[in-house]
**Q** 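Take a look at this one; I'll ask things after.
Sequence positions, counted from 1, serve as the residue numbers for this chain.
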Amino acid sequence: MVYSISNKDRLEVANDLVTALAIITWVWVLYYAFTQRMDRILFTVIFLGAIIVVYLGNEMIEAYREEKMLEVAGLGVSAVITIVTTVYMTAFYDTLLSIRVGTALPREYVLAAAFVLVILYLSYRAYGLTFLAVIVAALLYGLYGDLAPGILRHGGFSLNRTANIMVLDFQGVYGSISRIIATWVALFLLYAGLMRGFGAFDLIMRVAFRMATYVRSGIALSAVTSSIIIGSITGSQAANTAITGSFTIPLMKESGMKGETAGGIESVASTGGQIMPPIMGAAAFVMASLLGITYVEVMVAGIVPALIFYGSVVIAVHYKGIGELQGKTIDLNAEDRFEETMSTKEFAIQCLRFGIPFVVLVYMLGVLQYTVLTSALYTIIMMFITGFGFPLVTAALEGNDLTEEFVSLLHDTAFGFREGAMILAPIAIIIAAINGVVDVFEASGIPGVLSLALLDISGGVMLYAVILAMVISIILGLGMPTVAAYVIVASLIAPALVQQFFVPDLAAHFFVLYAAILSGLTPPIAIAVVVATGIAGSNFWRTVHEALKISAPIYVLPFAFIYNPEIVVGGWGLETFFSGLIALLGALGIAHGLNYYGKFFHESPFIKFPVKGVYFVLGVLAMVYPGMMVRLVCVAVILVMMAVQLRSHIRNRFSRKSKSESVQTAED
């Protein structure tokens with residue numbers, strides 16, 4: 001008897017296989033976290049190979065479902081090359097690491113070249129042609145540096161040396177940043193996957209939308225809150241925009257907002273999640289490693305800037321919400337958008353279920369100051385305890401079937417494992433590529449060259465240098481996820497600010513981190529806006545315009561780190577708090593000037609636009625100017641102008657109300 005297997009059955013088997021591979025990979029990662037009985041480099045080699053194979057399996061399923069058989073073949077060949085390379089590098093690990101350093105056999109050069117091509121291909125699939133062009137340009141610069149003009153010229157690398165740098169010397173794709181991803185970041189993304197599998201992302205949005213009932217612009221503000229929290233975990237502007245935007249953007253549009261406004265709000269909020277402690281989109285872990293300081297120091301340094309960002313965005317979004325929803329009746333029940341309604345009791349239980357692991361994470365990192373690896377491991381253990389414990393106890397108390405509940409939780413866990421792998425894999429791949437690019441640049445001496453060039457072009461004037469550095473950082477970060485964008489600008493731009501202009505290390509790294517993140521909002525790429533525009537069905541350039549108005553203070557904030565470094569340097573002291581408060585008020589002045597929905601003392605554009613300009617200039621000076629007295633004066637003027645404007649607004653509103661009542665009385 002001949003049995004035929006349908007395409008549907010094949011896809012189900014393939015899905016189960018990929019899920020099983022993801023589970024095996026995570027179990028092995030957890031085993032390493034428990035024991036650490038393996039050299040970190042060797043662990044990274046196996047980790048990178050395993051996570052790439054899981055990603056390739058998922059991509060092959062998608063390509064097969066869409067009947068793109070040529071892509072299926074290409075992905076299959078990539079999987080074979082990845083497996084062979086990983087097995088070979090593992091089997092001959094000691095020989096390659098300690099005996100044949102800097103040289104290799106012909107077959108090893110072929111294998112390294114094939115694996116680099118796989119990384120390039122997967123980078124293209126995950127992040128598109130722009131990012132691929134950056135990697136290829138860097139490799140060509142390494143190979144043909146002798147043809148480069150002026151100070152960029154170097155001797156050029158042979159193909160063999162490039163293969164050694166990229167793969168065979170266990171640098172490049174297996175370098176220091178890839179090791180951070182494998183040993184630190186991976187566990188946090190498993191935590192993110194489990195949270196999503198158990199339903200935490202839904203809970204976060206429910207919390208945000210319940211808060212929204214207390215203010216008129218609440219729908220928009222809830223989108224900001226949920227996107228920032230989720231974005232801090234996912235580590236990708238585009239992914240976060242897709243995850244939360246698919247829910248928040250339609251809801252904002254239904255409440256009466258324009259599509260471009262809803263898209264702009266979501267893209268800014270999703271971008272801001274990358275700078276929110278404690279996780280900061282994984283960039284905090286890399287920064288701590290590059291600077292040789294503790295993760296807690298980076299997290300503490302990021303608190304004040306994050307509050308400045310959140311405060312300025314909240315006021316801008318509040319104005320947008322009030323302005324576009326004036327006179328409109330809003331009758332939206334956000335709970336109806338979820339698959340199941342949730343009672344107050346269930347809501348409280350879910351808050352405890354996901355809140356306890358997060359408290360454990362913050363306590364172990366911030367109070368006990370355990371290592372990142374240990375803190376993440378115990379957080380995941382607690383996530384398993386509460387993730388399974390609360391539903392099982394609830395089921396027992398309500399007399400439900402415990403076996404059925406347990407099986408359902410196992411399915412949620414499997415989904416979480418796979419989701420974590422799918423979040424992690426593109427980041428691991430792009431970091432492998434970026435790590436190779438950075439090592440090629442360092443071998444060619446380009447960081448030192450850029451440092452001298454920046455000094456020369458700016459004429460030694462720091463303002464010109466930091467403006468140029470910001471432009472370069474935004475360009476280098478176009479289309480990249482947060483951690484990848486940060487790695488490349490931290491390697492190329494931050495050293496110039498530190499060495500030539502004596503900017504404190506932490507301030508320089510926060511400057512380039514924020515600048516690189518802003519690439520997600522900066523045209524022509526603006527990857528976060530592109531995703532939001534697709535969901536909102538809006539015009540790209542109008543959506544970019546709204547996003548830029550909302551995020552304008554964040555384009556100024558990196559300069560505050562340079563001229564007032566106490567905002568990020570010096571811990572959580574009085575000077576940091578006071579300087580941060582002044583910067584926050586300056587940011588609010590900018591947000592008010594660009595987004596306020598009411599009159600600027602007069603309806604005439606001849607008054608309105610100059611007043612907006614005054615708010616903007618005063619806000620910039622309050623945030624950036626290095627003298628405290630000037631900053632205080634600017635803040636005082638901003639507050640006085642806002643008070644006068646508010647008084648005028650209230651007076652006009654009461655005047656209109658009185659006229660309306662008089663007309664009504666006359667009609668009666």
**Q** Below 4.5 Å, heavy atoms only, C-beta onward: do Tyr64 and Met69 meet side chain to side chain?
**A**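 In short, these two side chains touch, coming nearer than 4.5 Å.
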**Q** Check whether any side-chain N or O of Ser267 sits under 3.5 Å from a backbone N or O of Ala528 as a donor-acceptor pair, and report yes or no.
**A**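 Not at all, since once roles are kept as given, no pair shorter than 3.5 Å links the two residues.
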**Q** Which is it for Phe285 and Val298 under the side-chain contact (heavy atoms from CB on, under 4.5 Å) test, yes or no, and what are the steps along the way?
**A** CA-CA 8 Å; Phe285 308 118; Val298 176; over 6 Å; no
**Q** Counting only heavy atoms not in Phe43, do more than 12 sit closer than 6.0 Å to its CZ atom?
**A**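 It does: Phe43 CZ has more than 12 such atoms within range.
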**Q** Can you spot which of Val77, Val84, Ile83 makes a side-chain contact (heavy atoms from CB on, under 4.5 Å) with Ile81?
**A**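 Looking at Val77, Val84, Ile83, the match for Ile81 under the side-chain contact (heavy atoms from CB on, under 4.5 Å) is Val77.
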**Q** Tell me if a side-chain donor or acceptor on Lys253 pairs with a main-chain N or O of Ala262 at a distance below 3.5 Å.
**A**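 Not confirmed, Lys253 side chain does not pair with Ala262 backbone.
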**Q** Over all heavy atoms of both residues, which pair between Phe47 and Ala186 is shortest? Give the atoms and the distance, please.
**A** CE1-CB, 4.0 Å
**Q** Walk me through it: do Phe510 and Ile275 pass the test side-chain contact (heavy atoms from CB on, under 4.5 Å)?
**A** CA-CA 10 Å; Phe510 265 90; Ile275 56 176; over 6 Å; no
**Q** Looking only at side chains, do Thr371 and Thr374 share a donor and an acceptor under 3.5 Å apart?
**A**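 Indeed, the side chains of Thr371 and Thr374 share at least one donor-acceptor pair under 3.5 Å.
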**Q** Between Tyr174 and Asn435, is there a side-chain donor-acceptor contact under 3.5 Å, judged purely by atom types and distance?
**A** no
**Q** When rounded to the nearest 0.5 angstrom, what distance separates CG in Leu122 from CD1 in Ile430?
**A** 11.5 Å
**Q** Roughly how far, to the nearest 0.5 Å, is OG1 of Thr85 from CD1 of Ile119?
**A** 9.0 Å
**Q** Please output the side-chain donor-acceptor pairs of residues 25-36 that fall under 3.5 Å, not counting sequence neighbours, one pair per line with the distance.
**A**
{"from": "Thr25", "atom 1": "OG1", "to": "Leu21", "atom 2": "O", "distance (Å)": "2.8"}
{"from": "Trp26", "atom 1": "NE1", "to": "Phe417", "atom 2": "O", "distance (Å)": "2.8"}
{"from": "Thr35", "atom 1": "OG1", "to": "Tyr31", "atom 2": "O", "distance (Å)": "2.9"}

**Q** Counting only heavy atoms from other residues, nucleotides and ligands, does the tally under 6.0 Å from CG of Leu70 exceed 12?
**A**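 Count not over threshold, so no.
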**Q** Among side-chain atoms of Glu404 and Ser408, is any donor-acceptor pair under 3.5 angstrom?
**A**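 Absent: no donor and acceptor within the cut-off.
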**Q** Apply the test side-chain contact (heavy atoms from CB on, under 4.5 Å) to residues Thr86 and Leu48: give CA-CA distance (whole Å), side-chain angles for both, the deciding distance (0.1 Å), then the verdict.
**A** CA-CA 8 Å; Thr86 303; Leu48 185 60; over 6 Å; no
**Q** Could you tell me if the side chain of Asp401 sits less than 4.5 Å from the side chain of Phe406, heavy atoms only?
**A**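 They are not in side-chain contact.
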**Q** Kindly check if the number of other-residue, nucleotide or ligand heavy atoms within 6.0 Å of OH (Tyr88) is above 12?
**A** yes
**Q** Measure the spacing between OH of Tyr370 and CG of Leu377 and express it to the nearest 0.5 Å.
**A**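 One finds 12.0 Å between OH of Tyr370 and CG of Leu377.
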**Q** Can you list everything that forms a side chain to side chain contact (heavy atoms under 4.5 Å, CB included) with Glu59? Sequence neighbours excluded, please.
**A**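 Scan of Glu59 (side chain to side chain contact (heavy atoms under 4.5 Å, CB included), adjacent residues dropped) gives Tyr55, Leu75, Arg125.
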**Q** In the structure I gave you, are the side-chain heavy atoms of Asn400 and Glu405 within less than 4.5 Å of one another anywhere?
**A** no
**Q** For the residue pair Leu132 and Tyr121, establish whether any side-chain heavy-atom pair is separated by less than 4.5 Å.
**A** no
**Q** With rounding to the nearest 0.5 Å, note down the distance linking CG in Asp412 to CZ in Arg196.
**A**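 Rounded to the nearest 0.5 Å, the CG-CZ separation comes out at 13.0 Å.
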**Q** For Ile554, is there any backbone N or O sitting under 3.5 Å from a side-chain donor or acceptor partner on Ser551?
**A**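 No; zero donor-acceptor contacts below 3.5 Å.
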**Q** Would you mind reporting whether Asn58 and Arg418 have side-chain heavy atoms less than 4.5 Å apart?
**A**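 Answer yes - side chains close enough.
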**Q** Could you walk me through whether Thr394 and Glu398 pass the side chain to side chain donor-acceptor pair (under 3.5 Å) check?
**A** CA-CA 6 Å; Thr394 301; Glu398 295 177 353; 5.8 Å; no
**Q** Restricting to non-hydrogen atoms, name the atom on Val54 and the atom on Ala421 that form the minimum distance, rounded to 0.1 Å.
**A**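 For Val54 and Ala421, the tightest heavy-atom pair comes out as CG1-CB, 4.1 Å.
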**Q** Looking just at side-chain N and O atoms, do Arg353 and Thr386 make a donor-acceptor pair shorter than 3.5 Å?
**A**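 No - no donor-acceptor pair under 3.5 Å links their side chains.
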**Q** Got a second to check how far Thr413's OG1 is from Met383's CE, nearest 0.5 Å?
**A** 9.0 Å
**Q** Please test Ile423 against Glu419 for side-chain contact (heavy atoms from CB on, under 4.5 Å), starting from the C-alpha separation and ending with a verdict.
**A** CA-CA 6 Å; Ile423 296 172; Glu419 192 67 19; 4.3 Å; yes
**Q** Does Phe384 have any ring-ring contact (aromatic ring centres under 6.0 Å, His included) partners at least two apart in sequence or in another chain, and if so, which?
**A**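 Phe384: no ring-ring contact (aromatic ring centres under 6.0 Å, His included) contacts found.
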**Q** Between atom CD1 of Ile434 and atom CD1 of Ile177, what is the distance when rounded to the nearest 0.5 Å?
**A**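 Answer for the CD1-CD1 pair, Ile434 versus Ile177, is 10.5 Å.
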**Q** For Glu546 and Thr543, test the side chains for any donor-to-acceptor distance below 3.5 angstrom and give the result as yes or no.
**A**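 No pair is found: no donor N or O on one side chain lies under 3.5 Å from an acceptor on the other.
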